[in-house]
Amino acid sequence: MAKIVLKNVNKIFNDKAVGVKDINLAVNDKEFFVLVGPSGCGKSTTLRLIAGLEKPSSGEIYVGGKLINDIPPGKRDVTMVFQDYALYPHMTVYENLAFPLKLRKYKRKEINDKVQKAAKILGLEGLLERKPKALSGGQRQRVALGRSIVRNPKVFLFDEPLSNLDAKLRIEMRAELKQLHQRLKATTIYVTHDQTEAMTMGDKICILNNGKIQQINDPLSLYNYPVNKFVASFIGTPSMNFFEGKLESNGTFGCEDFSIKIAGSAPEVEVILGIRPEDIYPVKQDTDIRGRITLVEPIGNEIFLHLDVGKTHVVLRTSPTSDFKTGQAINLTFEKKKFHLFNKSEGLRIDL
């Protein structure tokens, strides 16, 4: 078993900067767990703490039920893959794959068997005699993965491994990494700033901001039930739309530009109403909600319409066959069952 548990983990750097604050999380055995958030949120720091490259200021880190705070990185049975590949340029692919095994004094036959097995898994059999400079970015990333696979560790740690690849190759490598995880069934923690990458790859996702955990859940639960405005705005492309206003006791939400009934009754409070782009529809009949198109953004299978609804910028999805023009005024309706409400003071979710 390679369950990973962090209990009340804090990291304060020498310049008093907070890396992470009171991190509590559990990654189940064989799970693909994603840490996601904006730059500087603490996701890479969390990964480095698990790897042993940073020491926690306080708190406990367990792997397979064993406290590893004072165990050096090389003895944690954890391997880390970085975004810059970290390959030795003077060595062949075979030599790069074999290097971590030679350091551990494996016998030559065992090294060869492990290297050949990793090469077959990653489709590197025909590249073993090449040096890194003769490889594409995707091939180099596979070699970096292979160097981890040969060690057969309990835990794989990935620190934004696809960030140096072009868009098409990133999509291909995302699928390959997920398939590799399904074959190896190793506990995996994957760090990314790309929420699309997180949503498509993770069994479970942890969203971080300013060194603190915002929410941990499966991708669909995060998307449909964000616990605060930050999570709601971070997950989803394009981002959720927000309107600031007031919730009246009769369940009506009102803002400068429109009012809409959203509940039978409610506490009177200043709120932020959120609605996703796919839950706003342009309609021909007159409505209380009107917008003026500022940009028509075709992306192939759909169109993103950018609008100004009063002073609020709004994005909605529509059919690729729709015929909208910049500057056009249109009527809008909302999918009422898909509203998200957050209190204005703290941005926390309100369930009516």
Please step through salt bridge (charged side-chain N to carboxylate O under 4.0 Å, His left out) for the pair Glu125 and Lys120, ending with a clear verdict.
CA-CA 6 Å; Glu125 301 103 310; Lys120 185 176 181 180; over 6 Å; no
Is the closest side-chain heavy-atom distance between [X] and [Y] below 4.5 Å?
| X | Y | value |
| --- | --- | --- |
| Leu135 | Arg130 | yes |
| Ile61 | Leu67 | no |
| Ser57 | Lys11 | yes |
| Ile149 | Leu180 | yes |
| Leu6 | Asn24 | no |
| Ser233 | Met240 | no |
| Ile260 | Lys336 | yes |

Those residues that, when tested against Lys16, pass side chain to side chain contact (heavy atoms under 4.5 Å, CB included) (two or more places apart):
none
What residues, two or more places apart in sequence or in another chain, satisfy side chain to side chain contact (heavy atoms under 4.5 Å, CB included) together with Arg349?
Tyr225, Pro226, His340, Phe342, Asp351
Relative to the ring of [Y], is the ring of [X] parallel (under 30°), tilted (30 to 60°) or perpendicular (over 60°)?
| X | Y | answer |
| --- | --- | --- |
| Phe158 | Phe156 | parallel |
| Phe334 | Phe339 | perpendicular |
| His181 | Phe32 | perpendicular |

Mind running salt bridge (charged side-chain N to carboxylate O under 4.0 Å, His left out) on Asp29 and Lys185 for me, showing each step along the way?
CA-CA 9 Å; Asp29 185 43; Lys185 300 188 184 304; over 6 Å; no
Report yes or no: do [X] and [Y] form a side-chain donor-acceptor pair below 3.5 Å?
| X | Y | value |
| --- | --- | --- |
| Asn331 | Gln285 | no |
| Thr92 | Glu129 | no |
| Asn10 | Ser58 | yes |

Kindly check if the number of other-residue, nucleotide or ligand heavy atoms within 6.0 Å of CG (Asn210) is above 12?
no
Residue pair [X] / [Y]: nearest heavy atoms and the distance that separates them:
| X | Y | answer |
| --- | --- | --- |
| Val81 | Gln141 | CG1-OE1, 3.5 Å |
| Asp257 | Gly310 | OD1-CA, 3.3 Å |
| Ile50 | Ile68 | O-CD1, 3.8 Å |

Do Tyr190 and Phe33 have ring centres separated by under 6.0 Å?
no
Salt bridge Arg170-Asp166, side-chain N to carboxylate O under 4.0 Å
no
Answer yes or no on whether Arg276 is positioned over the face of Tyr223, meaning its NZ or CZ is under 6.0 Å from the six-membered ring centre and within 45° of the axis.
yes
Residues 204-226 vs salt bridge (charged side-chain N to carboxylate O under 4.0 Å, His left out), sequence neighbours excluded, gives Glu31-Lys204
